[in-house]
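Atom set for the values below is all heavy atoms of this structure, side chains included, hydrogens, waters and symmetry mates excluded. Counting begins at 1 with the first residue of the sequence. Note that ligands are numbered from 1 as they come in the structure, with each ligand's atoms numbered from 1 the same way.
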Amino acid sequence: MSTTSSNAERQSPELGSGAWTQGGPELLHRVLLRFNQARFRPALPAGDWEVRVREETELRLLEGRFVEAERAAIAAWAAEAPTDPDAFVAWFQSLEQEGPGQNDPLFPWLATSASLDAMKWFLTQEVAGEAGFDDLVALTQLKLPTQAKLELARNYWDEMGRGREIAMHGPMLEDLARALDLHPTDEGTVWEAHALANLLCALASNRRYALHSVGALGAVELTAPGRAERVNEGLQRLGLDMSVRRYYAVHATLDRKHSAEWNREVLRPLVAEHPEWAHAIAEGALMRLSAGARCFERYRSELGLVLGSA
Ligand SMILES: [Fe+2]
Ligand SMILES: [Fe+2]
């Protein structure tokens, strides 16, 4: 199965000709999405592995150019982040109110006004764009200093339901998708949602962006509770019980604790030991929040939500 699909991918003209450079963001993020699906999938050695490695090099260059463009867009803002550890943590925390996409009108609208169909469309995009926080944390923790590594381990263990399948976070989202009969497809997902997932995968998979990944994941913990709370309210308003809402109900509260611990155990000690890492962490956070803001804007436009009418 996997050999067939990867053969099909390799023979695809869009992968072989460099056509993505003219294909705009839709094609770019479709190509990177497929790359990310394939790169983490357990596989077996193949006779043509050298061809695959060469292809991977090309895709990693494409990925790197995407990340560098996103980085350039927020670099000046990130350069304002202080390098004193306490001041840095305060700056980072201020992103909860002042970061890109924060207090987006999409979320109060989902809480108070969205129809079930609109909510389901939104959730389908979110499910399709979910990169898997557990694996992103696992990839990011490689060779980090001990205090930060231990916090990423605790965070990963929570993602893993502390060893109980029923409490794992990933399957909670799958349960919600099943209960609401959501069927996310690559084609039915807006490119902005794929770009968000592709960004997080790129940061976690390339060690030159390890600190960016630390910042991006910390930004998720910082900002997810406010959004999760609004989505949970909307689901409750639409009559959906806790078994369906659990993923959002859990993240509305647990991520506040995760965020406080990430700031104290990861950000502060890393910046105290390596002040030169502060701007990379800040860039990662701002890239992640900007990618989120781009999704919210597209979602609002697809859902016909006019600013000021929410
Ligand atoms: Fe989680
Ligand atoms: Fe979390």
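One finds an angle of 130° at the Fe ion (ligand 2) between OE2 on Glu221 and OD1 on Asp255, to the nearest 10 degrees. Rounding to 10°, one obtains 90° for the angle at the Fe ion (ligand 1) between ND1 (His169) and OE2 (Glu159).
By the 4.0 Å N-to-carboxylate-O rule, Glu261 lies close enough to Lys257 to be salt-bridged with it. Under the 4.0 Å criterion applied to side-chain N and carboxylate O atoms, Asp175 and Arg178 are assigned as salt-bridge partners.
His258 contributes atom ND1 as its closest N/O/S atom to the Fe ion (ligand 2). The closest approach of His251 to the Fe ion (ligand 1), by N/O/S atoms, is made by NE2.
Contact of the His212 side chain with the Ile281 side chain is not registered, since no non-hydrogen atoms from C-beta on lie closer than 4.5 Å.
The distance between the ring centers of Tyr156 and Phe133 does not fall below 6.0 angstrom.
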